[in-house]
Amino acid sequence: MNRQRIMPLFLHDDGRCLTPAARHVWDQLLTVSPDIRGHVIGKAAENAYARTREVAETQGRSIY
């Protein structure tokens with residue numbers, strides 16, 4: 001059996017983890033098609049990924 005869990009994660013620029021906002025965004029992504037207007041590349045993308053992963057590991061410790 002292939003089981004997956006989703007943990008929505010939304011980080012503010014000041015480092016706060018905004019869980020209610022993350023859940024709302026996730027719910028919206030499941031109900032409407034998003035209009036993607038840009039993306040992050042290069043060092044900024046690497047930094048965003050590293051910070052998000054760090055927070056995800058901390059926030060998800062109790063779930064996983």
Side-chain angles (χ1 to χ4, degrees):
M1 175 184 257
N2 184 8
R3 295 183 57 154
Q4 296 179 349
R5 294 187 83 170
I6 302 297
M7 181 181 67
L9 187 64
F10 188 93
L11 297 180
H12 190 279
D13 289 340
D14 67 10
R16 291 178 293 150
C17 182
L18 305 175
T19 303
R23 288 190 187 118
H24 176 72
V25 169
W26 180 253
D27 289 342
Q28 291 301 303
L29 288 171
L30 294 176
T31 59
V32 298
S33 295
D35 178 19
I36 299 171
R37 297 181 182 189
H39 58 279
V40 181
I41 60 172
K43 192 66 173 169
E46 291 175 25
N47 292 340
Y49 175 80
R51 178 67 182 132
T52 303
R53 182 179 175 126
E54 177 184 320
V55 173
E57 287 177 356
T58 301
Q59 295 288 321
R61 192 167 283 132
S62 64
I63 298 170
Y64 300 101

Open item on the list: So, taking the atom named CG in Leu18 and the one named CG in Leu9, what distance separates them when rounded to the nearest 0.5 Å?
Closed with: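 Rounded to the nearest 0.5 Å, the CG-CG separation comes out at 9.5 Å.
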Task: Distance, nearest 0.5 Å, that separates CD1 of Ile6 from CG of Leu30 - done: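 Here the rounded value is 9.0 Å.
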Do any side-chain atoms of residues 48-56 form donor-acceptor pairs under 3.5 angstrom with protein atoms, and if so which ones, sequence neighbours left out?
{"residue": "Tyr49", "atom": "OH", "partner": "Arg53", "partner atom": "NH1", "Å": "3.2"}
{"residue": "Arg51", "atom": "NH1", "partner": "Glu54", "partner atom": "OE2", "Å": "3.1"}
{"residue": "Arg51", "atom": "NH2", "partner": "Gly15", "partner atom": "O", "Å": "3.4"}
{"residue": "Thr52", "atom": "OG1", "partner": "Ala48", "partner atom": "O", "Å": "2.7"}
{"residue": "Arg53", "atom": "NE", "partner": "Glu57", "partner atom": "OE2", "Å": "2.9"}
{"residue": "Arg53", "atom": "NH2", "partner": "Glu57", "partner atom": "OE2", "Å": "3.4"}

For [X] and [Y], work out which heavy atoms get closest and say how close.
X	Y	answer
Pro8	Trp26	CG-CB, 3.8 Å
Gln59	Met7	C-SD, 4.0 Å
Ala45	Val40	N-CG1, 3.3 Å

Open item on the list: Tell me whether Ile41 at atom CD1 has more than 12 heavy atoms from other residues, nucleotides or ligands lying less than 6.0 Å away.
Closed with: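 No, not enclosed.
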